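A short worksheet on the structure shown next.
If you're wondering where the values come from, they're calculated on a predicted model, not measured in any experiment. Just so it is clear, the values below take in all heavy atoms, side chains as well, and ignore hydrogens, waters and symmetry mates. Atoms within a ligand are numbered from 1 in the order they appear, just like the ligands themselves. All residue numbers in this chain count up from 1 along the given sequence.
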Amino acid sequence: MQRIAEQFRLDGAVRTIAALGEGFINDTYIVTTDCARYVLQRKNRRVFADIPAMMRNIQGVTLFLKEKVRRAGGDPQREVMTVIPTHDRTLHYRDAEGDYWTMSLFIEGSVTCEAATTPELARCGGQGIGRFQRLLADYDAPLADILPGFHNIRIRFGQWDDSLARDAAGRRATVTREIEWIESRRDEMLRFWQRVEEGGIPLRVTHNDTKINNILFDRNGGALCMIDLDTVLRSPCFNDFGDAIRTYANRGREDDEDLAAVGVDMAMFRGFAEGYLSEARAFLTPAESDALAFSVRYITYEQVLRFLMDYLDGDTYYKIGRPDHNLVRARAQHALLQSAERNCDRMRDTIGELLRN
Ligand SMILES: Nc1ncnc2c1ncn2[C@@H]1O[C@H](COP(=O)(O)OP(=O)(O)O)[C@@H](O)[C@H]1O
Ligand SMILES: [Mg+2]
């Protein structure tokens, strides 16, 4: 591991390397040298097919953000991720096993949260995500589409139909009720996505993994910096909003067996939406604002589908902690979806009110 760390242009000699964080996707380590701390990651080759293209995306976006932060009088080293290149100036190192390693600067004095515990924290998170989108709203350099079809429900239905036809794990007959949850909403979800396909909703630079542990807060709880930029893509900005609400505002856990505990916490929703809109109102079109409330249903529905599909496939994508874990997750996300359906008008009203003030 030390030999890998030494491939990168670090200040000072490597002293220690230790595991960091609880990410589901990459393996993350903290590297301490005489002069500074860094974050070393082994990127997940199963999820990302083209890691060099991903790193070029991250480099392009972070350099652009740093320039904006500098012009606004901020601190580009703390408010934006810094990619550290190797000695031969590539953005990744490939080891003998073919694994890809990357390095970035550890942001000192930052705090990560694993859950939104107060509406005020949700507001700060929303502001961080809104600001990220706002600062990138005029980024017009190319971005590689490193996750083709991500959040595109038409493509998901193609995978879903194949999965049902294959019935690889022989579980289809045991989940007919759950399959009906998907089928009964197929048309409304396609109609929503059609707004994007027909160009009514633009593609923007979005983060695409807006759970709360992908944002660093400062010690006062303010949003400092978006991290985990692996999934930066051009996609509708409601993806970031819907996915953030799915994680920030769920009263229960993603895999809660107590379905009564699961639901949209409207105070948390309001906090997040207030922070997000305080930044995003500067660029959102009326069609984009109009899509935000439904996006909570759209993204949560997609997650029900993905968990159920992985259960049908025999658990090949998500890590599981028990044999029926994906089914438990699908049921919990379905309970959240039903709550989002019941609260959709209230969410829409809250967004309208926040935009008028
Ligand atoms: N530059 C950084 N500065 C400080 N902490 C970081 C930094 N990058 C990552 N972390 C910490 O490591 C955790 C995992 O990193 P992340 O890039 O989100 O990996 P994953 O893709 O596996 O989720 C984060 O939640 C955060 O706590
Ligand atoms: Mg992460």
Side-chain angles (χ1 to χ4, degrees), residues 1 4-5 8-11 14 16-33 35-55 57-59 61-63 65-66 69 74-85 91-93 99-117 121-122 124-125 128-129 132 146-147 150 206-233 239-240 243-244 246-248 254 303 317-319:
M1 189 86 74
I4 289 168
F8 293 88
R9 297 169 71 99
L10 307 181
D11 278 341
V14 175
T16 59
I17 302 179
L20 172 71
E22 305 172 25
F24 288 167
I25 302 294
N26 304 308
D27 297 315
T28 306
Y29 303 89
I30 181 162
V31 176
T32 307
T33 72
C35 315
R37 296 203 286 175
Y38 299 89
V39 177
L40 173 65
Q41 280 190 326
R42 176 171 38 215
K43 296 292 186 185
N44 189 320
R45 274 197 289 163
R46 193 171 54 84
V47 172
F48 301 110
D50 189 348
I51 292 165
M54 174 175 98
M55 292 309 294
N57 282 354
I58 295 176
Q59 182 74 333
V61 161
T62 52
L63 293 180
L65 286 172
K66 281 176 188 293
V69 167
D75 181 348
Q77 297 268 77
R78 278 176 61 70
E79 293 171 42
V80 187
M81 234 184 85
T82 304
V83 177
I84 307 290
L91 302 176
H92 64 270
Y93 170 70
D99 279 329
Y100 288 86
W101 296 82
T102 64
M103 190 77 83
S104 61
L105 198 61
F106 182 86
I107 298 178
E108 298 292 345
S110 62
V111 178
T112 339
C113 304
E114 290 301 324
T117 44
L121 186 60
C124 292
I129 292 161
F132 181 83
I146 45 131
L147 290 174
F150 201 60
T206 46
H207 184 280
N208 292 291
D209 191 4
T210 48
K211 56 181 175 293
I212 198 164
N213 63 9
N214 283 332
I215 182 165
L216 299 178
F217 294 90
D218 63 27
R219 292 215 167 100
N220 305 318
L224 184 61
C225 174
M226 295 298 300
I227 55 167
D228 204 346
L229 305 184
D230 298 356
T231 51
V232 166
L233 295 173
N239 286 343
D240 281 355
D243 201 31
R246 186 181 72 79
T247 51
Y248 276 72
E254 194 176 52
Q303 207 53 60
Y317 188 85
Y318 295 106
K319 286 184 201 161

Min N/O separation M81 to ligand 1 under 3.5 Å: no

Check: L40 and M1 side chains under 4.5 Å, non-hydrogen atoms: yes

Sub-4.0 Å heavy-atom approach of E108 to ligand 1: no

Between T28 and N26, a side-chain donor and acceptor under 3.5 Å: no

Nitrogen or oxygen atoms of E114 and ligand 1 under 3.5 Å apart: no

Polar atom proximity, N214 to ligand 1 (N or O, under 3.5 Å): yes

Options V111, N26, D209, ranked by nearest heavy atom to atom 22 (O) of ligand 1, top entry: N26

Those atoms of ligand 1 less than 4.0 Å from some heavy atom in Q41: 15 (O), 16 (P), 17 (O), 19 (O)

V14 side chain reached by Y38 side chain, heavy atoms, under 4.5 Å: no

Heavy-atom closest contact (I227 atom, N213 atom, distance): CD1-O, 4.0 Å

4.5 Å side-chain heavy-atom contact, F132 and L229: yes

Minimum-distance pair of heavy atoms, taken over all atoms of L91 and P85: CD2-CB, 4.4 Å

Heavy-atom side-chain proximity of I129 to H207 below 4.5 angstrom: no

Metal check, the Mg ion (ligand 2) vs D228 N/O/S, cut-off below 2.8 Å: yes

Region of L105 that comes within reach of ligand 1 [heavy atoms, distance under 4.0 Å]: backbone

Contact check: N26 to the Mg ion (ligand 2), N/O/S below 2.8 Å: no

Distance filter under 4.0 Å to I227 heavy atoms, resulting ligand 1 atoms: 8 (N), 9 (C), 10 (N), 24 (C), 26 (C)

Short side-chain to backbone donor-acceptor contact, T33 and D11, under 3.5 Å: yes

Per-atom contacts of ligand 1 with T112, taking only distances under 4.0 Å to non-hydrogen atoms: 25 (O), 26 (C), 27 (O)

